[in-house]
Amino acid sequence: MAQCKVTLKDGSERWYEQGTTFADIAASIGPRLAREAVAVKVNGEVWDLARTLEQDAAVAFLTLDDPEGLDVMRHTCAHVMAQAVSRLFPGVKFAIGPVIEHGFYYDFADHTFTPEDLPRIEEEMKKIIAADYPVVREVVSREAALAMFREREDRFKVEIIEELPADAVITIYRQGEFVDLCRGPHLPSTGRIKHFKLMSIAGAYWRGDASREMLTRIYAVAFAKKSDLDAHLAYLEEQRQRDHRRLGKELGIFMLSKEVGQGLPLWLPNGAKVRRVIERYIVDLEERLGYHHVYTPHLASVELYKISGHWEHYHEDMYPPMQMDNEELVLRPMNCPHHMMIYKSELRSYRDLPLRIAELGTMHRYEMSGTLAGLQRVRAMTLNDAHIFCRPDQIQEEFTRVVQLIQRVYKDFGITDYYYRLSYRDPNDTHKYVQNDEMWELAQSMLKQAMDDLGLAYVEAPGEAAFYGPKLDVQVKTALGKDETLSTVQLDFHLPNRFELEFIGEDGKPHRPVVIHRGVVGTMERFVAFLLEQYKGAFPAWLAPVQARVASVSDEFAGYAEQVAEQLRDAGFRAEADVRPEKIGYKIRQAQVQKIPYTLVVGERERANGAVSVRKYGEGDLGQMPLSAFIAMLRDVVDRKELLVKP
RNA sequence: GCCAGCGUAGCUCAGCAGGUAGAGCAACUGACUUGUAAUCAGUGGGUCGCAGGUUCGAUUCCUGUCGCUGGCUCCA
């Protein structure tokens, strides 16, 4: 028998007979490895331990401590769940069951699950794990595979097999009475599965295609250690506590009601205060950076959107037209066309460029009801929007300035957990986009170049572009773990053509400008939703609806408390007095629950000294200080935009 | 929009398997005059999302509808 050389992770080399299983190789290295190995990486590919060594190879054994090893366990766990389902609900059809972050899911058809089914399925899974069935890989011919799954009437598996490339190695995995089409790899046996929990049931379209059958998906998590599972569940619970919908209600930020309409939020006084601070901040900053803020109406003629092309491409997301006099009007879903018209209102010289037109503009978009979520997804939203009209040679500098502005703003708000995404058009579905291949190629490579020159890391996302051009998105995570776009910068060579924009160049001839669309704060709604979750409702002093509450120790000091609050307001702060005849402990508790940054306790000792006793949210009693000293401190904290609690 | 679940007082939630509803907080009234996360007592408040149906009788079962939640699709 031929000998094969095995190079291990530590660089050492060993020789084994061809045909030796990797399980045996692991055993020859050590009993502990034999016990803990769940799979093996052979020349970079993850394999089952039962597979055999056929040629010289670089070999690394995987345990549950390796992310790839953990994924193998999660994948096998998905099969165990499917097996349990097939036992409990005969006739259920199986679609796909991939590994996802923290766990896995499996899509089923021809049976509707309810939440009560989950514990039953878990119980059955535990039996399957206890039975410790070996998981056996089997290579089968395409014909055999088709025959097998046709006989079971597993239409999804048949479809998958039919679409596999001609040279694909088709494998099935068996465990006990259960068999599934699967590429693998898997654990050696079901008994190796550790800790898991079935989480939720959801609908999901077959192959993610809304025109196809809706399947029932069961989501689950799985971990190597009980403590990891518990920690994950605790984390999810904590995330639920910081859900902006919960905090938004508790803190009086916004409300929604069906009487007002779905997805149409009302900003309550506290929310409006926060929003106003942000609006002032961003408008001031933009004006300093050479943006010109404008106001344009919420209604526009359909004609305007026919010129822009929105009517053709975006029509289904717009509220239908209203016929008045001899005009057809729509609620605007975006204000780019208005800004195009502002550009066109004068003859522009190359010396005028870049021209940066900005607006806090309210838009209305018809979002599908199922996608609405608190302030994160709404149907009426105010964008921190701007359109930069520039010469082609100015694109890169303007783009760079926008990215720097984004970074500046994120720093001021203490936003650190985000990533950049370059969104390109979907090369397989180009009809969704404006037709101009050359433009797309140019714009996409230009964005990439600019990001590379900035030295910023990014992910590339085909299919995420706007219909008129590629974009840079800044992605953040919501409390529920979903990615959302917070900021966006989009290159547009299209609208300038549609509106026939021009500037007079140095040569005295007309030229076409380029437009950069950009939203830094994005929408006020999503931004505030994000901040609520980011700060767990504890807004930094510069943003907080109430920066300081003055709490009187007893009625006798109500006058002094009012006086202190008024002095704070005169100094430009948002302050109020709590002079109710309640115990000081109760007032303090309420101020803490409302996450007010500073509570100022005033009684005899403070009144006598013109002082306040300062309690800071998250830190506790800072002791007594003269009111003037507190004002100086608060001013400094506000100016520096200091975060209230460390993230 | 699609699939599933949920919808009880202002808020958070009880209410086993059908017999016209309860707690805590909040609100209101009174007492207490208070020193760093809840003072005590009392009072009011719900056509149990809405509309049908089954039943002697429905918050409880069924159907429809509206809304919310999770996910899919979509997306700032």
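Any value given below was found using the heavy atoms of this structure, including those in side chains, with hydrogens, waters and symmetry copies removed. By convention in this document, chain letters (A, B, ...) are assigned in the order of the sequence lines, proteins followed by strands, and residues within each chain are numbered from 1. If you're wondering where the values come from, they're calculated on a predicted model, not measured in any experiment.
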Check the phosphate of B:rC66 against A:Q262, side-chain N and O only, distance under 4.0 Å to OP1 or OP2. Yes or no?
no
Each stem that RNA chain B is part of, given as range with range (3 or more consecutive Watson-Crick or G-U pairs, under 3.5 Å)
B:1-7 with B:66-72, B:10-13 with B:22-25, B:27-31 with B:39-43, B:49-53 with B:61-65
Would A:E286 and A:N384 count as having a side-chain donor-acceptor pair, cut-off 3.5 Å?
yes
For residues 252-259 of chain A, tabulate all N or O donor-acceptor pairs below 3.5 Å that involve a side-chain atom, not counting sequence neighbours.
from, atom 1, to, atom 2, distance (Å)
A:S257, OG, A:V260, N, 3.3

What string of B, S and - do you get for nucleotides 2-14 of chain B, 5' to 3', when a contact is any protein heavy atom under 4.0 Å?
BBSS-----SS--
Given atom CZ of A:R379 and atom P of B:rC74, what is their separation to the nearest angstrom?
17 Å
What contact category does A:Y219 fall into here, base, sugar-phosphate, or nothing, at under 4.0 angstrom with non-hydrogen atoms?
sugar-phosphate
Reckon A:R245 touches a base, only the sugar-phosphate, or nothing at all at heavy-atom distances under 4.0 Å?
sugar-phosphate
Pairing donors with acceptors under 3.5 angstrom, does anything connect the side chains of A:Y291 and A:R518?
yes
Within 45 degrees of the ring normal and closer than 6.0 Å to the centroid, is that where the cationic atom of A:R217 sits relative to A:Y105?
yes
Using distance alone, with no hydrogens and no angle criterion, decide if A:D483 and A:Y419 have a side-chain donor and acceptor under 3.5 Å apart.
yes
Base, sugar-phosphate, or nothing for A:L480, non-hydrogen atoms under 4.0 angstrom?
sugar-phosphate
Rounding to a whole Å, what distance do you find between A:Y106:OH and B:rC72:P?
18 Å
Could you tell me how far apart A:Q376 (CD) and B:rG71 (C1') are, to the nearest whole angstrom?
15 Å
Can you name the side-chain contact (heavy atoms from CB on, under 4.5 Å) partners of A:D621, sequence neighbours left out?
none
When you measure from the side-chain N and O atoms of A:Y314 to the phosphate of B:rA76, is any distance below 4.0 Å, counting only OP1 and OP2?
no
Nucleotide by nucleotide, 5' to 3', does protein get under 4.0 Å of the base (B), only the sugar-phosphate (S), or neither (-) in nucleotides 25-38 of chain B, counting heavy atoms?
-S------BBBBBB
Please report, rounded to the nearest Å, how far the C1' atom of B:rU73 is from the CG atom of A:D317.
12 Å
Donor-acceptor list for residues 545-556 of chain A side chains, cut-off 3.5 Å, not counting sequence neighbours:
from, atom 1, to, atom 2, distance (Å)
A:Q547, OE1, A:R574, N, 2.7
A:Q547, NE2, A:A541, O, 2.8
A:R549, NE, A:E576, OE2, 3.1
A:R549, NH1, A:Q594, OE1, 3.3
A:R549, NH2, A:E576, OE2, 2.7
A:R549, NH2, A:Q594, OE1, 2.8
A:S552, OG, A:D578, O, 3.3
A:S552, OG, A:K587, NZ, 3.0
A:E556, OE2, A:R607, NH2, 3.0

Are side-chain N/O atoms of A:T478 and A:E533 paired as donor and acceptor at under 3.5 Å?
no
Go through the side-chain N and O atoms of A:T488 and A:D473 and say whether any donor and acceptor fall under 3.5 Å apart.
yes
At under 4.0 Å between heavy atoms, what does A:R217 touch on the DNA or RNA strands: base, sugar-phosphate, or nothing?
sugar-phosphate
How long is the line joining CE of A:M381 and C1' of B:rC74, in whole Å?
13 Å
Atom CG in A:L480, atom CG in A:L236: separation rounded to 0.5 Å?
9.0 Å
Option among A:V521, A:T382, A:I282, A:V274 that satisfies the side-chain contact (heavy atoms from CB on, under 4.5 Å) test with A:F527
A:V521
Integer-rounded Å distance: B:rC75 P and A:Q490 CD
12 Å
Spacing of A:L372 atom CG relative to B:rG71 atom P, expressed in whole Å:
14 Å
